[in-house]
Amino acid sequence: MKNIVTLILLISCWATASLHAQRAPIETPRVLKVASSKAGNYIYLTGRDEVEGKDTAILHATDHFIIKRMPFVLITDSTKAKAALKNFKTIGKAEKANSDKVLKELFNENDLTDVKRFLDKKTNKELLDFVDKHVKASDYGFLYSLIEIRMMMGQVYLDTEVKDGEVMYYQVIRVDKNKKEYPWGVALAQSKVGNYALSYLKPKVTALQSTDSSVNITWKLKISEAMVNTFPKPITRASFDPKGDLLMVPFPLSALSGRVVPTREGKTIPGIKLIPSINRTLDTLTFNYSGTVGKDEQFAAYLMAEDEIYNQGVHSDTAVVFGVEARSIPLIYGVRVSEIENGICLAWDKLPNKSYVTGVEVTRYDSQDTMVPLGVLSASDTTYTDYAIKVGEHYRYHVRALFIHGIGITQEAPAQGVGTYTKFSKPLPPYNLEVSSNVKNVSLSWKGADEPGFYGYFVYRGTSPKKMYLIAGPVKEKKYTDTSESLSGRSQYYYAVRNQNLRQDTSMYSNIVTVIPIKKIDVIAPDNIQFYYVNGKLRVMWDDTRTQDNAIETFLIQRRKKGETEYVTMKPKEAGNAFLVDSLIQRGTTYQYRVASVAFTGDMSAYSDITEYSLEKPKIETVNEFYVRNITAGVEVSIPEIIYSNRKGYTIYRRNATGGDFVKVHTMPSDTFVFTDEKIEKGQTYIYAISITENDGKEGEMGLSRSVEK
């Protein structure tokens with residue numbers, strides 16, 4: 001890694017520069033351990049093993065250590081490394097505690113008293129003298145694991161003047177008692193990142209025990225050094241360190257301690273540090289806590305794993321105990337059982353108002369010894385009524401007090417009582433009965449109170465609300481489907497529902513609903529279609545089939561022109577009429593009519609046979625008044641100048657007076673009134689006649705004739 005290369009270059013360059021500067025043998029510089037916390041960076045000047053071995057004599061001869069620091073600079077060659085050494089600045093020194101002031105900065109009053117007592121020292125001066133002469137870890141026993149002790153011995157330095165995430169180089173110089181300086185070591189650290197392994201270590205509560213004066217809690221924490229490799233490293237890393245090599249776990253997991261945070265009656269008290277024991281397989285830490293508690297007092301605590309520089313992990317689940325024990329715990333000793341209308345009532349003496357009493361559990365056993373949990377009531381409840389029971393059945397009830405889980409106290413033997421159910425009230429009628437129909441069946445649904453002693457619902461049907469018959473029951477659900485094939489779409493049906501209990505007491509009817517089933521009705525078709533034409537309107541009449549079938553409500557008439565395939569559908573002006581007036585017919589056209597009966601449900605009969613009607617067209621008029629006269633060009637034929645709306649034109653015919661048939665000589669439109677016949681001979685007599693052609697192309701007969709001599 002580049003940062004490691006940089007560190008080696010700095011060590012080499014720094015050692016060489018120091019040798020040339022002092023012209024004296026120097027100690028080999030070392031890479032020092034640095035541990036990061038939210039308080040800052042702890043620089044370990046020597047380790048437990050070194051202080052008991054090779055460093056013992058050196059430390060006896062050491063007055064203090066000078067600590068220098070510079071921000072990280074990425075360096076890859078020795079020339080730049082030498083130049084970078086000039087950026088180091090002295091930030092402090094590590095030395096043995098030598099005053100009361102230093103001791104007070106490291107320890108609170110109680111902790112300082114404990115340190116002196118363990119080392120068998122009565123005064124601060126005796127403690128300072130001891131520190132001045134003792135540099136080995138074994139001289140301090142288990143106290144050496146405390147970071148404050150090692151700082152008191154001048155073997156650890158805390159750099160608090162750093163920012164989150166910034167990377168620092170440290171240079172440490174040893175100064176002996178003759179004031180000579182020697183390179184001691186260097187270190188590289190990412191500041192205030194903490195111990196990321198702790199967030200993956202959650203202690204578990206494994207034992208709780210309490211009396212009315214004491215409490216004992218045990219936590220266990222699974223550990224193994226192999227676990228560290230499975231923990232994901234934090235995402236926040238230095239830009240030059242993508243793999244997170246600087247984010248190291250600074251302490252073995254087996255060296256962790258625990259921090260207990262107790263709460264008494266809801267108030268948190270100062271945390272307590274616990275030193276755990278480790279099992280023989282070195283994979284589990286056990287933390288034991290013992291404390292005092294007042295009678296009925298609530299006590300809670302949780303534990304967090306903690307390393308020696310006070311980085312803390314996630315806390316365990318909170319253990320809650322109370323100052324109680326089995327011989328003084330309040331219990332339910334008896335239950336009174338009485339039969340009431342619709343159920344069995346249980347009663348017991350009220351439990352005292354204690355925060356560790358959480359409720360009352362009620363359980364029922366039937367004659368087959370089948371157990372049914374009836375529920376958990378509040379601790380203040382003193383009665384329970386059981387309605388979900390069968391008539392005549394004997395029941396056995398268990399009632400017991402419940403306590404907060406985990407305090408190790410239960411009511412082993414419940415209070416017991418026996419009861420029988422024989423009394424219940426007359427059932428209430430169902431309500432909100434609703435009905436709907438489809439092509440197959442009629443569906444009913446309703447609402448009803450969930451009553452004790454319920455046996456079932458009974459469904460009634462009839463064609464009159466005063467005369468209904470039972471058709472189904474007992475029905476357990478609040479719905480019923482009537483699939484009877486006898487239901488007719490011609491009839492209106494009435495439905496109602498009753499409720500019945502186990503003693504066969506029956507309620508009043510529900511609300512009554514009506515429905516006409518949606519089923520096809522076969523009705524007869526009309527017959528004997530007749531016509532009557534007057535004043536330009538055709539009256540179409542047929543036999544009134546309603547006199548034969550009261551399900552018929554109206555009629556449907558269809559008409560088409562003969563030769564067409566599609567019918568036009570029409571209805572009588574009023575639904576009650578058995579005739580229709582058709583004013584849209586034309587003379588000369590043949591119309592075909594057919595009629596069907598329509599029931600009130602919308603069902604139709606077949607159509608009647610087709611009956612035809614044709615209104616003859618009026619005879620085309622003849623031209624009886626016209627004029628013929630000789631003119632120079634021939635014979636002029638003229639008619640009165642009148643325009644008729646239905647005329648297309650006129651056809652002029654001619655024949656010789658001596659014999660022969662009329663021949664067509666000219667056709668003129670209806671708005672032309674004069675024609676000159678030029679194809680004639682002088683000395684001849686001609687006879688003329690005229691016919692009319694209407695807009696539809698039909699030509700009428702010739703009218704009166706006129707003769708003229710040329």
Does the side chain of [Y] come within less than 4.5 Å of [X]'s, by heavy atoms?
X: T218; Y: T286; result: yes
X: Y384; Y: V399; result: no
X: S257; Y: E308; result: no
X: S254; Y: I223; result: yes
X: T90; Y: I173; result: no
X: W348; Y: V360; result: yes
X: P250; Y: M248; result: no
X: P232; Y: Y196; result: no

- Query: Pick one: which of V186, L32, I67 meets side chain to side chain contact (heavy atoms under 4.5 Å, CB included) with Y170?
  - Reply: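 Testing Y170 for a side chain to side chain contact (heavy atoms under 4.5 Å, CB included) against V186, L32, I67 leaves exactly one candidate, I67.
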
Counting only heavy atoms not in [X], do more than 12 fall under 6.0 Å of its [atom1]?
X: K350; atom1: NZ; result: no
X: N108; atom1: CG; result: yes
X: E225; atom1: CD; result: yes

How far apart are the closest heavy atoms of [X] and [Y], and which atoms are they?
X: A319; Y: L208; value: CB-CD2, 3.6 Å
X: I404; Y: S355; value: CD1-O, 3.7 Å
X: A401; Y: P330; value: CB-O, 4.2 Å
X: P262; Y: G271; value: CD-CA, 4.2 Å
X: V102; Y: A97; value: CG1-CB, 3.7 Å
X: A189; Y: V34; value: CB-CG1, 3.4 Å

Is the [X] ring parallel, tilted or perpendicular to the [Y] ring (thresholds 30°, 60°)?
X: H398; Y: Y365; result: tilted
X: Y44; Y: F251; result: perpendicular
X: F72; Y: Y169; result: tilted

- Message: Please determine whether side chain to side chain contact (heavy atoms under 4.5 Å, CB included) holds for the pair F299 and V320, giving the CA-CA distance in whole Å, both sets of side-chain angles, and the decisive distance to 0.1 Å.
- Response: CA-CA 6 Å; F299 181 91; V320 180; over 6 Å; no

[X] side chain to [Y] side chain, donor-acceptor N/O pair below 3.5 angstrom:
X: D283; Y: S224; value: no
X: Y397; Y: D386; value: yes
X: N110; Y: T113; value: no
X: S138; Y: E52; value: yes
X: Y356; Y: D296; value: yes

- Item | Under-4.0 Å salt bridge between R336 and D349 |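 Salt bridge between R336 and D349, a charged N being under 4.0 Å from a carboxylate O: yes.
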
Quick one: [atom1] on [X] to [atom2] on [Y], what's the gap to the nearest 0.5 Å?
X: L274; Y: Y289; atom1: CG; atom2: OH; answer: 8.5 Å
X: K89; Y: R69; atom1: NZ; atom2: CZ; answer: 9.5 Å
X: M152; Y: L143; atom1: CE; atom2: CG; answer: 8.0 Å
X: N195; Y: Q312; atom1: CG; atom2: CD; answer: 11.5 Å
X: L256; Y: F287; atom1: CG; atom2: CZ; answer: 7.0 Å
X: K273; Y: E306; atom1: NZ; atom2: CD; answer: 5.5 Å

- Message: side chain to side chain contact (heavy atoms under 4.5 Å, CB included), that's the test. Do L112 and N124 meet it? Break it down for me.
- Response: CA-CA 9 Å; L112 182 58; N124 289 353; 3.8 Å; yes

Would you check if the side chain of [X] reaches a backbone N or O of [Y] as a donor-acceptor pair within less than 3.5 Å?
X: K177; Y: H60; answer: yes
X: K96; Y: D132; answer: yes
X: N279; Y: T284; answer: yes
X: E50; Y: T46; answer: no
X: D381; Y: S378; answer: yes
X: Q411; Y: R400; answer: no
X: S210; Y: F322; answer: yes
X: Q190; Y: L247; answer: no
X: W219; Y: K202; answer: no
X: T370; Y: D366; answer: no

- Task: Please report the C-alpha distance between N41 and S36 in whole Å, then the side-chain angles of each, then the deciding distance to 0.1 Å, and finally whether the side chain to side chain contact (heavy atoms under 4.5 Å, CB included) criterion is met.
- Result: CA-CA 5 Å; N41 296 331; S36 171; 3.8 Å; yes

- Six-ring centre of W184, R30 cation under 6.0 angstrom, axis tolerance 45°: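 Yes, R30 sits over the ring of W184.
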
- Query: Can you check side-chain hydrogen bond (donor to acceptor under 3.5 Å, both in side chains) on N311 and S37, steps first, answer last?
  - Reply: CA-CA 6 Å; N311 287 314; S37 78; 4.7 Å; no

- Criterion side chain to side chain contact (heavy atoms under 4.5 Å, CB included) on E166 and M168, from CA distance to verdict: CA-CA 7 Å; E166 69 178 347; M168 288 294 178; 3.4 Å; yes

- List the steps, then state whether side-chain hydrogen bond (donor to acceptor under 3.5 Å, both in side chains) holds for Y144 with Q155. CA-CA 11 Å; Y144 191 77; Q155 296 179 11; 2.7 Å; yes

